[in-house]
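Working notes, beginning with the structure itself.
For the numbers below, each heavy atom of this structure counts, side chains included, while hydrogens, waters and symmetry mates do not.
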Protein chains: 2
Amino acid sequence: MKETFGEYIKMLRTTNGYTLTQLAGLLDIDFANLSRIENGIRDFDKKKLSRLAEVFNLSIEALQDEYASDQLAKHMYEIGCSKELLKVAEEKAEYRRALKK
Amino acid sequence: MKETFGEYIKMLRTTNGYTLTQLAGLLDIDFANLSRIENGIRDFDKKKLSRLAEVFNLSIEALQDEYASDQLAKHMYEIGCSKELLKVAEEKAEYRRALKK
DNA sequence: TTCATTTTGTCATTCTTTGACAAATTTACT
DNA sequence: AGTAAATTTGTCAAAGAATGACAAAATGAA
């Protein structure tokens with residue numbers, strides 16, 4: 001999925017005909033902050049992913065992957081991550097995995 | 001460089017014959033916390049990268065890349081980032097870049 | 001054993017994130 | 001235009017995470 005997690009939530013919300021207030025109620029968060037989440041100003045609370053999956057009948061695993069990849073993309077974007085830097089990071093992640101074992 | 005940033009600092013420190021106390025003094029941080037940094041328990045403070053570059057006569061740009069790739073690797077490691085997830089994240093980072101323009 | 005060095009424990013301080021509610025703005029409808 | 005619903009933005013206190021600081025314990029080398 002090529003969109004931010006906030007945009008994804010907004011898509012889910014609107015295609016299912018919910019207002020911010022309604023969905024915020026279901027997720028037990030403030031509707032004003034849900035607006036910020038949709039607009040990328042704040043992050044969605046990880047601990048509420050299962051609730052979100054329930055509300056929209058989504059696979060929790062798939063949703064967690066959506067979330068994790070979005071967070072990683074955000075990180076890459078923020079550091080202005082080049083192809084080369086990403087390659088180095090990949091190797092280093094691999095090194096960390098090897099370390100643990 | 002295939003090592004954590006902490007291990008990198010430790011290597012620099014020992015090959016240059018510094019003790020934790022000595023290097024911590026040069027970097028103006030607590031030596032106990034420098035120990036934790038070397039052992040990956042705490043993160044090196046980004047704002048001190050220029051000082052670190054000076055102390056060991058390193059290119060600040062190269063050092064910043066070392067740091068950024070380490071942080072990204074840590075992130076990838078922590079989420080148990082698969083190849084597929086990384087690919088998705090890359091696309092999403094690209095999407096974010098496109099958004100900004 | 002003794003001294004230097006490193007690691008670990010703990011906690012107060014600082015910084016960042018989140019929750020909450022008000023106010024302002026936008027949108028859609030008549 | 002008016003107005004009601006929906007969304008966005010402003011602000012700030014509370015919660016949580018990161019950092020600084022110093023003591024104490026462990027390790028190592030002579």
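- Between the side chain of Asn16(B) and the backbone N or O of Tyr18(B) there is no donor-acceptor pair closer than 3.5 Å.
- Atom-to-atom, CD of Glu38(A) to C1' of dT8(D) comes out at 11 Å; the value is rounded to the nearest Å.
- Put simply, the side chain of Asp45(B) gets close to the backbone of Lys47(B): a donor and an acceptor are under 3.5 Å apart.
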Using the rule given for side-chain contact (heavy atoms from CB on, under 4.5 Å), can you reason through Thr14(B) versus Glu38(B), listing the C-alpha separation, both sets of side-chain angles and the distance that settles it, and then say yes or no? CA-CA 11 Å; Thr14(B) 54; Glu38(B) 289 187 348; over 6 Å; no
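- Between the two ends of the helix from dT1(C)-dA30(D) to dT30(C)-dA1(D), each summarised by a five-pair axis, the helix axis turns through 40° (rounded to 10 degrees).
- Taken from CD in Gln64(A) to OG in Ser50(A), the straight-line distance is 8.0 Å, to the nearest 0.5 Å.
- Aromatic ring pairs are classed by plane angle as parallel below 30°, tilted from 30° to 60° and perpendicular above 60°; the pair Phe5(A) and Phe44(A) is tilted.
- Glu94(B) pairs in a salt bridge (charged side-chain N to carboxylate O under 4.0 Å, His left out) with only one of the listed residues (Arg96(B), Lys92(B), Arg97(B)), which is Arg97(B).
- Residues Leu63(A) and Ala53(A) share a closest heavy-atom pair of CD2-N, 3.6 Å.
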For nucleotides 10-24 of chain D, just jot down a letter per nucleotide in 5' to 3' order: B, S or -, based on protein non-hydrogen atoms under 4.0 Å. BB-------BBBBB-
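- For Leu34(B) and dT5(C), the CG to C1' distance is 12 Å, given to the nearest whole Å.
- Contacts between residues 13-25 of chain A and DNA chain D, defined by a heavy-atom separation under 4.0 Å, are made by Arg13(A), Thr19(A), Leu20(A).
- Interatomic distance, Leu52(A) CG to Lys48(A) NZ, rounded to the nearest 0.5 Å: 11.0 Å.
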